[in-house]
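Below you'll find the structure, written out as structure tokens, and then a few comments.
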Amino acid sequence: MEAASGKVVWTGRVITILVSLLFFFSAAMKFVGGAQVKEGMAHLGLLESMIIPLGILELACTVIFLIPATSVLGAILLAGYMGGAICTHWRVGDPFLPPVGIALAVWLAVYLREPRLRALIPFRRS
């Protein structure tokens, strides 16, 4: 297994921080609530009673993603969470590419900072 350069690992860490801040902000908005959150949930066809559980789920998955020993599991969980977001947005006719981009950023971040994952999914070199 080849060690990644410091720049690659730091790039992964920066992407991790940015993506995690996005998820933390989203979870915080669910905990704070408000008219916009309730309107958004209604637009997506989701019950208002799902706001807090979704915030807890989002927060838990993000924390798991940030812990180095469980980062790959966290990426799997966040990818699943974003898969639900993609399906929900697609179902109501909203743009679903932003959640796709966020899911890809999650995987890019963990791939760049996690040597175990790079060993499992190597890119071929000529």
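Values below: all heavy atoms of this structure, side chains included; hydrogens, waters and symmetry mates excluded. Computed from a prediction, not measured in an experiment: that's the story for all the values here. The residues of the chain are indexed from 1 along the displayed sequence.
Distance alone, capped at 3.5 Å, places no donor-acceptor pair between the Arg113 side chain and the Val14 backbone. In this structure a side-chain-to-backbone donor-acceptor pair under 3.5 Å is present from Ser71 to Pro68. Here the side chain of Thr62 pairs no donor or acceptor atom with the backbone of Ser20 at under 3.5 angstrom. Side-chain atoms of Thr11 come within 3.5 Å of backbone N or O of Lys7 as a donor-acceptor pair.
Here the shortest heavy-atom pairing between His89 and Pro99 reads CD2-CG, 4.3 Å. Nearest heavy-atom pair across Phe23 and Val106 is CE1-CG2, 3.8 Å. Considering all non-hydrogen atoms of both residues, Val72 and Trp107 come closest at O-CH2, 4.3 Å. Nearest heavy-atom pair, Thr70 versus Ile64, reported as atom, atom and distance to 0.1 Å: OG1-O, 2.7 Å. Residues Arg91 and Gly45 share a closest heavy-atom pair of NH2-CA, 4.0 Å. Shortest non-hydrogen contact noted between Ile15 and Ala105 is CG2-O, 3.5 Å.
Within the structure, every pair that satisfies the salt bridge (charged side-chain N to carboxylate O under 4.0 Å, His left out) test and touches residues 15-38, not counting sequence neighbours, is listed here: Lys30-Glu58, Lys38-Glu48.
Hydrophobic cluster membership is shared by Val19 and Leu112, with clusters built from Ile, Leu, Val, Met, Phe, Trp and Tyr side chains linked at under 4.5 angstrom. The hydrophobic clustering, which links ILVMFWY residues whose side-chain heavy atoms are closer than 4.5 Å, places Leu21 and Phe25 apart. Residues Ile67 and Val110 do not share a hydrophobic cluster, defined by chaining ILVMFWY side chains whose heavy atoms lie under 4.5 Å apart. Connection of Leu18 to Leu66 is not established within any shared hydrophobic cluster, with ILVMFWY side chains joined at heavy-atom distances below 4.5 Å, either directly or through further cluster members. Cluster annotation: Ile52 and Phe24 are assigned to the same hydrophobic cluster (Ile/Leu/Val/Met/Phe/Trp/Tyr, side-chain heavy-atom contacts under 4.5 Å, transitive).
Listed by chain and residue number, Trp90 satisfy the ring pair (Phe, Tyr, Trp, His ring centres under 6.0 Å) test with Phe96 (two or more places apart in sequence, or in another chain). Contacts of Tyr111 classified as ring pair (Phe, Tyr, Trp, His ring centres under 6.0 Å), with partners at least two apart in sequence or in another chain: Phe123.
Note that the CZ atom of Arg118 and the CD atom of Glu114 stand 7.5 Å from one another [nearest 0.5 Å]. Atom CG of residue Leu22 and atom CD1 of residue Ile102 lie 4.5 Å apart, to the nearest 0.5 angstrom. Annotation: the span from Leu54 atom CG to Leu59 atom CG amounts to 12.5 Å, rounded to 0.5 Å. For the atom pair Phe65 CZ and Ile76 CD1, the distance stands at 11.5 Å (nearest 0.5 Å). Atom CG of residue Leu57 and atom CG of residue Leu78 lie 9.0 Å apart, to the nearest 0.5 angstrom. Note that CD of Glu39 is 12.0 Å distant from CG of Leu44, once rounded to the nearest 0.5 Å.
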